[in-house]
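For ligands, and for the atoms within them, numbers begin at 1 and follow the listed sequence.
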Amino acid sequence: MTSYLERIRQSSDITRRGFIKASAAATAALAVSGSLAGCANKVEPADANAGGTEAVAVDGEWVTAACWHNCGGRCLNKVLVKDGVALRQKTDDTHEDSPDYPQQRACLRGRSQRKQVFSADRIKYPMKRKGWSPDNPQGELRGKDEWERIEWDEALSYVADELKKAKEQYGNRSILAAGSEIGRLLTLFGGYTASWGTGSYGSFALTAGIIGAEVWSGGINDRIDMRENTELFVMIGSNPAWSSGGSPAFHMLQAKENGARFVAIDPYYNDTYELLGAEWLPIRPGQDTAFLIGLAYALIDGDAQGGNLIDWDFLNTHAIGFDAEHMPEGSDPRGNFRDYVLGTYDGLPKTPEWAAELCGISGERIRQLAEEIAPSRAVALMCGWAPARTHNSDGFPQVFSTIGAMTGHMGKPGHMTGVNCHSAAGNGGPSLVNPGPSGVAAIKEVPVDDSINKTEIWKAIMTGRYTWNGRSGTVTMPADAEKAPGEVRDIDIHVIYHGGGAALQTTDAMSEGIAAHRKVDFAVSHAQFLTTNALYSDIILPVTTLWERPGGLLTGNREMLIMYTQVTEPLFESQSDQWIARELAKKLGMEESAVYDIDENQQFFNTVAGATYVEDDGVTASPLVTITEEDIEEWGAVGTPQEGVISFKDFKEKGVYQIERKAGDNYGFVAYSGFAKDPESNPLPSLSGKLEIYSARLAEIVNGMGYSTIEPVPTYIPQACGYEATFGDYAAGEKGDYPFQIFNIHYLRRSHTVFDNIPWLREAWANPVYLNAQDAEERNIAAGDTVRITSPYGSVLRKATLTNRVIPGVVMLPHGAWVDMDDDDENDTAGADNVICGGCPTGQGVSGWNTAICNFEKYDGEAIVDDAARPQRIICE
Ligand SMILES: Nc1nc2c(c(=O)[nH]1)N[C@H]1C(S)=C(S)[C@@H](COP(=O)(O)OP(=O)(O)OC[C@H]3O[C@@H](n4cnc5c(=O)[nH]c(N)nc54)[C@H](O)[C@@H]3O)O[C@H]1N2
Ligand SMILES: Nc1nc2c(c(=O)[nH]1)N[C@H]1C(S)=C(S)[C@@H](COP(=O)(O)OP(=O)(O)OC[C@H]3O[C@@H](n4cnc5c(=O)[nH]c(N)nc54)[C@H](O)[C@@H]3O)O[C@H]1N2
Ligand code: SF4
Ligand SMILES: [Mo]
């Protein structure tokens, strides 16, 4: 069971010494060790918050350091720098903290950032896999081979030669690539095969835009409105305490303190619900559509009995497809939602009791909830994207919005129906402070139009076929989107270029992904660490972190903008992605200026000079930063002086510009308010301009994609790899080989895969598998036991945490752990989620990570070590 990574383990002492010799910056960072103690915010030299155990007085300059991850937050991080050495960190102390004007405080990951930047496992030099050569790639050794240091020129020549070879022998579409900088380069080189997916949004990606609903921040009201006006929050799969760093959970707490009540619909009683004292309605993963259809029945039924549960005025004027009287012209009136719910034509009334069987929440409680969300009360209907990251969930955003339209909880203070997630959680509305454009010219021509749905990319490499749908990137679709072609195409990938992202980790079907990496001629990764992409590549190009770049602006919640600047010179031989793209352009015989016509310093200047803020009238956007001749000269940029509301020097020193909010200001936001007041003048972006409970367009597009089909109204469809799949014989109630459902929560130790290598964080967050205590006990599993979790796609080992906060029949495995296969490639010892989740495109090509099935047992082999005792992956001396 000793993995390759364990075998390359170095004595941490020796490694540390080697690292210290090589970098003065590293010396200091490693010398200041200790635990993550205290969270007092005011940082003085001897403060425990600085993370050090030694109370040593230090001076130096506080520099605003980037925290740039896709973590759902955006906070102010400062680093105390002396003689180029990063000594300590602190967070926002630019003003007093208050609910109206909260500090932008960092989380445990941000506060550990210097442990990442100066980590002993940084990729310091270009590296080559020993067994790889252009003539004999020995692909089967990927992930098991040793590494050797090579020079930049040699590394870039290898990459350029492989790209040229692939282009000449197989055409540009034989190159599969990701990453914006390398995407620019390869587009100019004649194109490449890209990938697309529904990503974070799940089925919101396509469904929301077509039916006229919001995907993100535009669907919920702003935080002050919530705090002042909302009485009841119904939260479906939403966890800002873990997945929206900064203040969102704090904003929701203000609403609680103002008397609001919370109901949580989730398979896991998460820390947000605990904080808010929410009532828990435990639901099976992926069964939210059944639950909401049952809730719709309860609303119809309760209203018919005189309960005033439906806001008919709103529903009849703002939505189409609810009943036979409000169907779009030309459609079959029998296809309406109400008759589906009542079972008028299919003979199956979708009663709350029908829903209870499927979702696990009792019929009685569903009926009671229908009364609680009556139009007369100020209710916030909120969901995260997690319930939509499930197979066959194309109707989920539609039925969720339908409940909002039925109850009229849209467009009024205190009332809302929308997504509460990521950096917009707890505070909806457009950004009030925005960066300017970088000035880099856009590349419009896309010479290769092959783009593979992420659920299929590894399979496409293995089988040479994929379903083309004319999509690219993370897909969000407008109402008038083209019908998808759903065309099966041949594809022959020879090169994988990882220029950004963590595809091998974060895409479904990782075992197939590893096989695909072993099949191609060449794989290259830009990397800061020996990430999974890098581990299974042939050449690794070391990239800088944002602490080593000139500077830039970072956006997050709507009220602030962060400006970071360089903390340290590039460490060792690392270079930026743009530098790599330019150098490769030269080797490919192209003009480097065609890839980037202006440098990174000028791009930084442009974003700052073009930054705007919204004035206190709430509408006028004006220049943010005052820039003088001297600033421009010092910066070494090209530009003209300008007037704003904060000087460049102040902005740089503070690191953040934040709008001060208070009740009654002009920055409030009520989602859908114009539409609610006058739908004719303020139509939604759907084809009809109304909320489409019936959308022939949605069905036409989804059904054309070649995966699985839907109806124009939201209906219950048993999910691939969902609840029903846990049964061998569903009708007989007999469980099958994989009797448990398993889902992935976004975990506080990491931002996806990022930070998984940081010992401090491994110590603080152990990354166990969370088992329902009763399920575990029935299998003789005690807390801390090593458990083997198996799915049809692979198996992982994890230590068990037993809890009653996960419902029986369900297993929770945190998202993003760096895969670590044992010697036989049989078990992953790190608990990587995508070893368990397989590629299974349904409907709109959704990545349905939260619908997977598994079994688990006490592992009879050697117990795994705690992650904190796992060696770092150090391959550079
Ligand atoms: N099973 C399962 N899979 C999931 C999810 C799930 O819940 N379950 N969640 C999904 C979601 S919502 C998302 S958004 C995706 C995220 O998927 P990814 O975007 O692929 O995940 P990250 O880990 O954020 O990847 C960022 C990578 O960029 C690297 N990096 C950081 N800075 C730089 C830089 O300057 N240059 C370069 N070249 N690299 C850099 C980091 O080291 C890291 O490897 O994962 C998805 N995958
Ligand atoms: N710490 C941390 N924060 C992050 C990230 C990270 O990797 N780490 N990633 C960021 C990114 S890119 C994204 S997209 C967001 C994702 O944020 P979310 O989409 O909110 O995803 P999760 O945090 O996985 O899940 C939120 C809640 O949904 C529940 N849930 C899961 N499946 C279901 C279901 O089928 N039905 C119901 N009702 N509930 C369900 C979970 O138990 C959890 O309580 O988080 C962002 N924030
Ligand atoms: S929430 Fe995100 S931006 Fe904020 S400190 Fe944590 S990792 Fe950094
Ligand atoms: Mo995401």
Using the ring of each side chain (for Trp, its six-membered ring), is Trp818 parallel, tilted or perpendicular to Phe529, with breaks at 30° and 60°?
tilted
Which class fits the ring pair Phe604 and Tyr564: parallel under 30°, tilted 30 to 60°, perpendicular over 60°?
parallel
What do you reckon, does [X] have a nitrogen or oxygen under 3.5 Å from a nitrogen or oxygen of ligand 1?
X      : result
Ser200 : no
Gly199 : no
Thr507 : no
His526 : no

Quick look: Arg109 vs ligand 3, heavy-atom contacts under 4.0 Å, and the answer is side chain
Could you tell me whether Cys71 approaches ligand 3 through its side chain, its backbone, both or neither, with non-hydrogen atoms closer than 4.0 Å?
side chain
Heavy atom of [X], distance to ligand 1 below 4.0 Å:
X      : answer
Glu181 : no
Trp68  : yes
Gly499 : yes
Arg549 : yes

Tell me, which protein residue and heavy-atom name are nearest [atom], and how many Å apart are they?
atom                    : value
atom 4 (Fe) of ligand 3 : Cys75 SG, 2.3 Å
atom 8 (Fe) of ligand 3 : Cys67 SG, 2.3 Å
atom 47 (N) of ligand 1 : Thr506 O, 2.8 Å
atom 19 (O) of ligand 1 : Gly501 CA, 4.3 Å
atom 5 (S) of ligand 3  : Cys107 N, 3.3 Å

Pair [X], [Y]: side-chain N/O donor-acceptor within cut-off below 3.5 Å:
X      : Y      : value
Trp242 : Asp271 : yes
Thr531 : Asn533 : no
Gln603 : Glu600 : no

Mode of [X] contact toward ligand 1 - side chain, backbone, both, neither (heavy atoms, under 4.0 Å):
X      : value
His746 : side chain
Asp577 : side chain
Gln528 : side chain

Under 4.0 Å between a Lys/Arg side-chain N and an Asp/Glu carboxylate O for Arg870 and Asp756?
no
Below 4.0 angstrom, N of the basic side chain to O of the carboxylate: do Asp538 and Arg142 qualify?
yes
Would you please indicate yes or no on a ring centroid separation below 6.0 angstrom for Phe740 and Phe856?
yes
Taking the six-membered ring of Tyr596, is NZ or CZ of Arg582 closer than 6.0 Å to its centre and within 45° of its axis?
no
A student checking ligand 3 against Gly245 at a 4.0 Å heavy-atom cut-off should list atoms 1 (S)
Under a 4.0 angstrom heavy-atom cut-off, which atoms of ligand 3 come close to Ala106?
5 (S)
Below 4.0 angstrom from a heavy atom of Asn70, which ligand 1 atoms are there? Numbered from 1 as shown, please.
14 (S)
Give the numbers and elements of all ligand 1 atoms closer than 4.0 Å to a heavy atom of Val754.
23 (O), 41 (C), 43 (C)
